[in-house]
Q: 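I'd like to ask you about the structure that follows.
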Amino acid sequence: MKLATLSMDGKPCPAVQLGDGSWLHLAQAGTGWDSLLAIIEEGADAMAALRALVSQAEAGQHADAVVSDPDLLAPIPQPRKNVFCVGRNYAEHIAEGDRAQQQNVGVTEHPVYFTKPPTSIVPPGGDILLFPQVSTCFDYEVELAVVIGKPGRNIAKENAFDHIFGYTILNDISVRDVQRRHGGQYFKGKGFDGSCPLGPWIVTADAISDPHKLSIGLTVNGAQRQDGTTADMIFDIPTLIASLSEGMTLEPGDIIATGTPSGVGYAMDPPRFLAAGDTVVCTISEIGDLSNSVRIA
């Protein structure tokens, strides 16, 4: 199933997609759910109820709750925590970065983590913000994002998939010079307002054939910049969940971005950073497209 958060009369409303591409406004259908987080937290019972509602709607019920072409917000517009992100998780991306920076860090023994604050979230169709008074080195990174469904701490690799609710797309907008000037800590350069486009929806885990066999790519103004596969992750999803949850509880609605393939702007010769007026489209197979424009804040 595809689950989204719609903007209805200026308010966020959870919805599920029907077979014809329309959306069932879940609160209007009388469910009592006021957010996707509420659905995620309810777990298996919510999923069973959603399937029943979809069947009813496709049989002609709840017609007054069906929306044809809504505005979409980020699936989780205001995460309760920072978004967890993984750096340096594709070998070719590591190699291009090392070449661009004239260094040889290579593959790390353990995953590299950083976070993006909730204030960085951007909806589908929303604006990636530029702050030219701070930097002109704004870059893009398409990433597969995991949405946690079942809480856990010290999660074993073999149990990791039991804790996943679904998957979405994330664009890890990165201010490259700021990213590197704070003692090697990525947070500041990755946490600008407007630096985390997310969406367009969450695809539930049962609807993804294999999260490690998805094509993943990004275009800027229609030109292909990134073109890869999630099969090339160095640390796979169970490894990331097991590592991140060591001594730290993952909770329903937590988001984990899993890294980006090669093709980022700063590693091009010469570097090509984002500019006002650009259109950036992230695409991951079995999920869809996440499109955003770029403007000066």
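Source: prediction; values computed, not measured.
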Q: Within the structure provided, determine whether Ile121 and Pro79 are in side-chain contact (heavy-atom separation under 4.5 Å).
A: yes

Q: How long is the gap from NZ on Lys157 to OG1 on Thr239, to the nearest 0.5 Å?
A: 3.5 Å

Q: Rounded to the nearest 0.5 Å, what separates atom CD1 in Ile284 from atom CG in Leu218?
A: 10.0 Å

Q: Just by distance, with hydrogens left out, do Glu92 and Ser262 show a side-chain donor and acceptor under 3.5 Å apart?
A: yes

Q: Is it true that atom CZ of Arg180 has more than 12 heavy atoms of other residues, nucleotides or ligands lying nearer than 6.0 Å?
A: yes

Q: Any chance you could measure Thr168, atom OG1, to Leu290, atom CG, to the nearest 0.5 Å?
A: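 It is 7.0 Å, given to the nearest 0.5 Å.
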
Q: Kindly indicate whether the side chain of Arg181, heavy atoms from C-beta on, has any atom under 4.5 Å from the side chain of Lys188.
A: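 Counting from C-beta outward, Arg181 and Lys188 never come under 4.5 Å.
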
Q: Within the 4.5 Å heavy-atom criterion, are Phe235 and Thr108 side-chain neighbours or not?
A: yes

Q: Any heavy-atom pair between the side chains of Phe192 and Val134 that's under 4.5 Å?
A: yes

Q: Hey, could you give me the SG/CG distance between Cys85 and Leu244, rounded to the nearest 0.5 Å?
A: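 Separation between the atoms: 10.5 Å.
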
Q: For residues Met1 and Trp201, determine if any side-chain heavy atom of one lies less than 4.5 Å from a side-chain heavy atom of the other.
A: no

Q: If you draw a 6.0 Å radius around CG in Asp210, do more than 12 non-hydrogen atoms from other residues or ligands fall strictly inside?
A: yes

Q: For atom CD of Gln185, decide whether the heavy atoms of other residues, nucleotides or ligands shown that lie under 6.0 angstrom number more than 12.
A: no

Q: Is any side-chain heavy atom of Ile241 closer than 4.5 Å to a side-chain heavy atom of Ile164?
A: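 SC-SC contact between Ile241 and Ile164 confirmed.
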
Q: If we only count heavy atoms from C-beta on, is the Phe161 to Pro211 side-chain gap below 4.5 Å?
A: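 In contact.
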
Q: Looking at every heavy atom in both Pro118 and Asn82, which two are closest together, and how far apart are they?
A: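 Taking every non-hydrogen atom into account, CD-OD1, 3.3 Å.
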
Q: Does a side chain donor of either Asp20 or Ser22 reach within less than 3.5 Å of an acceptor in the other side chain?
A: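 Yes, side-chain donor-acceptor contact under 3.5 Å.
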
Q: Would one find more than 12 heavy atoms of other residues, nucleotides or ligands at under 6.0 Å from atom CD of Gln78?
A: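 No, because the 6.0 Å sphere around CD of Gln78 holds 12 heavy atoms or fewer from other groups.
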
Q: Are Leu50 and Leu24 close enough that some pair of their side-chain heavy atoms sits under 4.5 Å apart?
A: no

Q: Have Tyr266 and Ser174 got a donor and an acceptor in their side chains that come within less than 3.5 Å?
A: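 There is no such pair (donor and acceptor under 3.5 Å, judged by atom type) between the side chains of Tyr266 and Ser174.
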
Q: Within a reach of under 6.0 Å around NZ of Lys81, are more than 12 heavy atoms found that belong to other residues, nucleotides or ligands?
A: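 Yes, NZ of Lys81 has more than 12 neighbouring heavy atoms, counting only those of other groups under 6.0 Å.
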
Q: Taking all atoms of both residues into account, what is the closest heavy-atom pair of Ile173 and Phe138, and its distance?
A: CG2-CD2, 4.3 Å

Q: Could you state the interatomic distance from NE2 (His212) to CG (Asp232), rounded to the nearest 0.5 Å?
A: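 It comes to 11.5 Å.
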
Q: Using 0.5 Å steps for rounding, measure from the SG atom of Cys196 to the CD1 atom of Ile128.
A: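 Reported to 0.5 Å precision, the distance equals 10.5 Å.
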
